[in-house]
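Notes for the one structure printed next.
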Protein chains: 2
Amino acid sequence: MSEHPAVARFVAYLREQNLPVTAQRLAIAQTLLSSERHLSADEVAAEVARGGARVGTATVYRTIDTLLASGLLVERDFGEGFRRFEPARDIPHHEHLVCDQCGRVEEFRDERLERMTTIVAESRGFARQRHRLVIHGICQACQRGGPRLP
Amino acid sequence: MSEHPAVARFVAYLREQNLPVTAQRLAIAQTLLSSERHLSADEVAAEVARGGARVGTATVYRTIDTLLASGLLVERDFGEGFRRFEPARDIPHHEHLVCDQCGRVEEFRDERLERMTTIVAESRGFARQRHRLVIHGICQACQRGGPRLP
DNA sequence: ATAAATGCAAAGGGTTTGCAAAGGC
DNA sequence: GCCTTTGCAAACCCTTTGCATTTAT
């Protein structure tokens with residue numbers, strides 16, 4: 001597994017903030033920032049462990065906080081009772097499409113939604129700050145064959 | 001405080017299911033089904049207590065489960081780390097506008113969103129089932145004066 | 001009288017925090 | 001060497017569960 005470019009940016013961030021660059025932070029950042037999936041804190045610890053290293057739960061959470069502060073990571077809540085995280089991409093904002101059978105998560109972007117939410121909020125006196133849209137359904141794979149675990 | 005019509009429907013549901021109609025269930029149902037706000041389990045217990053009666057936490061949660069099963073109550077997750085509940089109305093579906101300062105929740109409905117989410121889902125091979133949109137911002141009251149606790 | 005609901009307290013999951021030990025800088 | 005991070009375990013919050021007691025039917 002090669003180092004993800006975003007990890008280099010995280011190292012730069014740590015240096016800027018005069019924060020030590022530790023093996024644990026690198027392992028966690030590498031796992032989180034290079035993942036295609038939306039990982040939970042637990043999954044991060046497990047993933048790092050599979051790579052040989054081992055990190056404590058507290059360290060995972062604290063490093064996640066640092067990553068969130070750096071802006072390189074974004075947190076998501078799919079109503080599972082715990083949070084998931086994904087690398088911040090250049091996409092300004094995107095919505096999620098969740099398969100209720102296999103848990104697969106797809107992303108998409110739609111300008112109209114952005115405008116629509118602003119209009120609706122303002123029409124009710126709200127100063128809009130952000131929004132969150134999740135569409136639930138069954139993905140193509142699950143519609144055909146059986147589901148496959150993520 | 002007069003009995004809300006939905007409470008009568010809950011009593012009917014309990015009888016259908018051969019479940020005892022207890023004072024606690026009635027108090028909880030009355031509080032939850034007649035509320036204009038989105039209450040948490042804690043707030044339900046507090047609200048009932050203000051009415052003189054007292055109910056245990058477990059009973060609140062168990063009655064909420066029954067209310068959810070009856071279809072008279074709907075649960076919502078605004079990412080606060082706990083659930084809120086609202087009476088199921090005849091409105092087929094509605095979105096939420098949340099004030100990040102005072103926690104106030106407003107509801108609205110928009111046909112275009114319904115259509116738009118279906119189109120987006122289908123364009124990506126998903127069989128759409130439902131969606132959930134929450135717009136966060138600052139409400140009019142909080143924009144002017146200070147915030148007021150809910 | 002019987003079977004179920006209640007309340008309390010303890011357990012349970014995800015997350016945070018306190019503190020001694022380990023390790024960057 | 002100083003100061004931060006780490007890991008462990010205890011603490012926390014919301015929610016669920018076990019069990020003796022109360023209560024609707």
Side-chain angles (χ1 to χ4, degrees), chain A residues 7 10-32 38-49 51-70 73-85, chain B residues 7 10-32 38-49 51-70 73-85 103 150:
Chain A
V7 174
F10 183 49
V11 172
Y13 173 81
L14 290 174
R15 298 225 188 278
E16 274 170 32
Q17 306 290 318
N18 282 316
L19 296 175
V21 178
T22 66
Q24 292 88 336
R25 282 177 172 163
L26 287 177
I28 293 167
Q30 170 69 24
T31 298
L32 230 19
H38 296 68
L39 300 174
S40 65
D42 238 30
E43 291 171 338
V44 171
E47 201 67 28
V48 170
R54 271 199 299 96
V55 289
T57 316
T59 302
V60 172
Y61 281 107
R62 285 189 279 230
T63 301
I64 283 174
D65 285 342
T66 307
L67 281 162
L68 290 173
S70 78
L73 190 71
V74 173
E75 82 175 86
R76 302 288 177 195
D77 182 348
F78 295 112
E80 300 168 290
F82 54 87
R83 296 175 288 166
R84 291 186 175 278
F85 306 89
Chain B
V7 175
F10 183 51
V11 172
Y13 173 82
L14 291 174
R15 298 223 188 281
E16 274 170 32
Q17 305 289 318
N18 282 315
L19 297 174
V21 178
T22 67
Q24 291 88 334
R25 281 177 171 163
L26 288 178
I28 293 167
Q30 169 70 22
T31 298
L32 229 20
H38 295 67
L39 301 173
S40 65
D42 238 30
E43 292 171 337
V44 172
E47 201 68 29
V48 170
R54 273 198 298 95
V55 289
T57 315
T59 302
V60 172
Y61 280 107
R62 286 187 280 227
T63 302
I64 283 174
D65 285 344
T66 307
L67 280 162
L68 290 173
S70 78
L73 191 70
V74 173
E75 83 176 84
R76 302 287 179 194
D77 182 349
F78 296 111
E80 300 168 290
F82 54 87
R83 295 176 289 165
R84 290 187 176 276
F85 306 89

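The figures here come from the full heavy-atom set of this structure, side chains too, leaving out hydrogens, waters and symmetry mates. Convention: sequence-line order gives letters A, B, ...; per-chain numbering from 1.
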Nucleotide-resolved protein contact map, nucleotides 1-14 of chain D, B/S/- at heavy-atom distance under 4.0 Å: ---SSBBB-----S
Write down the distance between CG (Leu39(A)) and C1' (dG14(C)), rounded to a whole number of angstrom. 16 Å
Arg25(B) side chain to Phe10(B) main-chain N or O, any donor-acceptor pair under 3.5 Å? no
Whole angstrom is fine here: how far is it from CD1 in Ile64(B) over to P in dA5(C)? 16 Å
For Phe85(B), check ring-ring contact (aromatic ring centres under 6.0 Å, His included) against everything at least two apart and list the hits. none
May I have the list of side-chain donor-acceptor pairs in residues 60-70 of chain A shorter than 3.5 Å, sequence neighbours left out?
unit_1: Thr63(A); atom_1: OG1; unit_2: Thr59(A); atom_2: O; d: 2.8
unit_1: Thr66(A); atom_1: OG1; unit_2: Arg62(A); atom_2: O; d: 3.0
unit_1: Ser70(A); atom_1: OG; unit_2: Leu67(A); atom_2: O; d: 2.7
unit_1: Ser70(A); atom_1: OG; unit_2: Leu72(A); atom_2: N; d: 3.1

On DNA chain D, check which nucleotide each of Arg15(B) and Asp65(B) is closest to and give me the residue with the more 5' one. Asp65(B)
So how far is it from Leu14(B) CG to Glu16(B) CD, rounded to the nearest 0.5 Å? 9.5 Å
Whole-Å gap separating P (dG23(C)) and CG (Leu26(A)): 15 Å
Counting distance only, does the side-chain N/O of Arg84(B) pair as donor-acceptor with the main-chain N or O of His38(B) below 3.5 Å? yes
Distance col, row Glu47(A):CD vs Ser40(A):OG, nearest 0.5 angstrom, shows 10.5 Å
